[in-house]
Amino acid sequence: MTSSDDGGYVHDPATFDADADGEGGADGPAAAGPDEEPAHPSTADREFDWRGWTLVGVLIVAFLVAPTAIYLVPPGAEGYRFALLILPLAPAVLLAITAVWATTRP
């Protein structure tokens with residue numbers, strides 16, 4: 001019994017090589033040919049623009065403003081539990097979301 005007569009899926013690499021005519025399939029754009037080298041990441045047009053400065057601002061809030069606010073709230077104060085639970089959590093979530101947004105380019 002061979003793999004071609006069992007009625008199941010048989011992978012044929014030649015079929016996929018024949019489809020490499022430059023069009024991107026469901027997996028994305030076609031890869032570079034054997035003679036072509038892919039583009040180097042340093043050639044990409046990346047600048048430290050307003051996205052970067054937004055990330056720096058969120059970093060300042062997460063690493064300076066929130067810990068200072070936690071430090072300044074005395075243990076006997078009304079908002080002490082809020083300071084210990086929410087003040088570290090909110091900047092951490094904001095930092096995670098902003099970092100992904102700032103580093104993802106359209």
Side-chain angles (χ1 to χ4, degrees):
M1 179 172 180
T2 64
S3 62
S4 63
D5 60 346
D6 64 357
Y9 173 76
V10 178
H11 177 71
D12 184 15
T15 304
F16 292 102
D17 291 339
D19 290 340
D21 57 358
E23 293 182 17
D27 295 335
D35 297 335
E36 301 174 17
E37 291 187 22
H40 194 271
S42 64
T43 61
D45 185 25
R46 300 246 174 171
E47 296 180 3
F48 191 78
D49 56 353
W50 62 277
R51 290 179 182 235
W53 286 112
T54 304
L55 183 59
V56 169
V58 173
L59 278 168
I60 289 171
V61 168
F63 288 110
L64 296 177
V65 175
T68 302
I70 292 169
Y71 180 72
L72 293 177
V73 175
E78 179 70 29
Y80 184 68
R81 185 173 179 163
F82 170 78
L84 290 180
L85 295 176
I86 302 300
L87 284 177
L89 179 67
V93 170
L94 184 64
L95 180 61
I97 292 170
T98 306
V100 169
W101 169 79
T103 57
T104 305
R105 303 288 184 208

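Positions are given from 1 along the sequence. For the numbers below, each heavy atom of this structure counts, side chains included, while hydrogens, waters and symmetry mates do not.
- Not counting sequence neighbours, the partners of Leu94 by the side chain to side chain contact (heavy atoms under 4.5 Å, CB included) test are Val58, Thr98.
- Among residues two or more places apart in sequence or in another chain, the side chain to side chain contact (heavy atoms under 4.5 Å, CB included) test is passed with Ala62 by Pro91, Leu95.
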Side chains of residues 72-89: which donor-acceptor pairs under 3.5 Å do they make with residues two or more places apart or in other chains?
none

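- By the side chain to side chain contact (heavy atoms under 4.5 Å, CB included) test, Ile60 pairs with Val56, Leu64, sequence neighbours left out.
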